[in-house]
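Following: one structure in structure tokens, then a few remarks.
Counting begins at 1 with the first residue of the sequence. Computed over heavy atoms, backbone and side chain alike; hydrogens, waters and symmetry mates excluded.
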Amino acid sequence: MQHIINFIIRNKNFLLFLLLLCIGLSLVIQSHSYHKSKFINSANIVSGGIYETSNNISSYFSLKKENDILIEENKRLKSIVYNTQDTLLKDSVLGADFSKKYKFSSARVSRNSYALTNNYLNINKGRKDSIKEDFGVITSKGIVGVIDRVSKHYSRVLSILNASSRVNAQLKTSHHFGILKWNGTHPNTVQLTDIPKQASFSVGDTIITGGKSTIFPKGITIGSIVSSKLDETENYYIIDVLLFNDMTNLNHVYIIENRHAEEISNLNNPNE
């Protein structure tokens, strides 16, 4: 307290000048409407800038929470889309906790390879999260791969950039379908094979999942056609497909569980 008193005594002339200046400015502003409006506008600009900066800082630190909310919402919407593709979407479905053929869950990529002949990803969901082998993995842009190994807390994904990857896919504009493979050349391009010569398509057409397997629902986007050629028999096309996904930059993914997969497999098992 004594330090404050000593400071005031030492600087009494300067402090008196500031006090009189503030009083004078206040009288000028109050007595002239022009000066008053200018002061209010300036104050609004300053306070607005402060609030905007504060809001930007707050928004930055809440990005993770917002991203998690968006991921959960995307998961819910994907479940609705791929479970109702053959029926009309009812209003009650949007707010219901329903059980359908496909269940979606979210995960993060902890490791990703894309420069090898046989590439894999690791994700941070495993057996404790009810994840099993042969579950499909996608992003909001397209397919990523199929889970081929599971531990308690993590899973390994067989990437579509893997020489042994095989995914059922089709032309979006027709019902012609084939097998999606990778020739090991470019991480942004895969090949759709076994498309019959009679099929009609153009560069830029979209390729989607065919829904002929128990892993991926029909209609998930994969990429667009960039070129094509006939195979050695000249009866089938080999189509180069530019992936919608950037396989070199994956972070958030969605895991697809087909709840009817076991029933379908048992039905098609000749030993049963």
Please tell me whether Ile238 and Phe177 are part of a single hydrophobic cluster in this structure, the criterion being side-chain heavy atoms less than 4.5 Å apart.
no

Of all residues at least two apart in sequence or in a different chain, which pass the side-chain hydrogen bond (donor to acceptor under 3.5 Å, both in side chains) check with Thr248?
Asp246

d(Lys218 NZ, Asn168 CG) to nearest 0.5 Å is 10.0 Å

Cluster companions of Leu158 among Ile, Leu, Val, Met, Phe, Trp, Tyr (side-chain spacing under 4.5 Å):
Tyr120

Side chains of Tyr237 and Leu192, heavy atoms from C-beta outward: is any pair under 4.5 Å?
no

Applying side-chain hydrogen bond (donor to acceptor under 3.5 Å, both in side chains), name anything that partners Asp194, two or more places apart in sequence or on another chain.
none

Donor-acceptor pair, distance only, cut-off 3.5 Å: does the side chain of Asn245 make one with the backbone of Gly142?
yes

Quick check: does any side chain N or O of Arg127 sit under 3.5 Å from a backbone N or O of Val150, one acting as donor and the other as acceptor?
yes

Look at the side-chain heavy atoms of Ile, Leu, Val, Met, Phe, Trp and Tyr, link any pair under 4.5 Å apart, and say whether Ile225 and Leu242 land in one connected group.
no

In chain order, what residues pass the side-chain hydrogen bond (donor to acceptor under 3.5 Å, both in side chains) check against Asp240, with sequence neighbours excluded?
Gln191, Ser227

Within the distance-only criterion (no hydrogens, no angle test), does the side chain of Trp182 pair as donor or acceptor with the backbone N or O of Arg166 below 3.5 angstrom?
no

CG of Asn124 to CG of Asp129: how many Å apart, nearest 0.5 Å?
8.0 Å

Taking atom CD1 of Ile208 and atom CD1 of Ile143, what is their separation to the nearest 0.5 Å?
11.5 Å

Just how far is it from atom CG of Asn118 to atom OG of Ser159, taken to the nearest 0.5 Å?
10.0 Å

Once you round to the nearest 0.5 Å, how far does CD1 of Ile256 lie from CD1 of Ile215?
10.0 Å

Does Thr139 reach the side chain of Phe244, with side-chain heavy atoms less than 4.5 Å apart?
no

Asn188: side-chain hydrogen bond (donor to acceptor under 3.5 Å, both in side chains) partners, not counting sequence neighbours
none

Should the heavy atoms of other residues, nucleotides or ligands under 6.0 Å from CZ of Phe135 be counted, would the total exceed 12?
yes

Contact between Val167 and Val190 at the side-chain level, heavy atoms closer than 4.5 Å - yes or no?
no

Quick one: do Tyr114 and Leu180 end up in the same hydrophobic cluster if we chain Ile, Leu, Val, Met, Phe, Trp and Tyr together by side-chain heavy atoms under 4.5 Å apart?
yes

Can you measure from OH (Tyr154) to NZ (Lys125) and round to the nearest 0.5 angstrom?
12.0 Å

Check whether any side-chain heavy atom of Ile160 sits under 4.5 Å from a side-chain heavy atom of Ile222, and report yes or no.
no

Note, Val157 side chain near Asn122 side chain (heavy atom, < 4.5 Å)
no

Residues that His260 engages under side-chain contact (heavy atoms from CB on, under 4.5 Å), provided they are two or more places apart
Lys101, Asn258, Ile264

Under 3.5 Å, side chain of Thr209 to main-chain N/O of Ala169, donor-acceptor pair present?
no

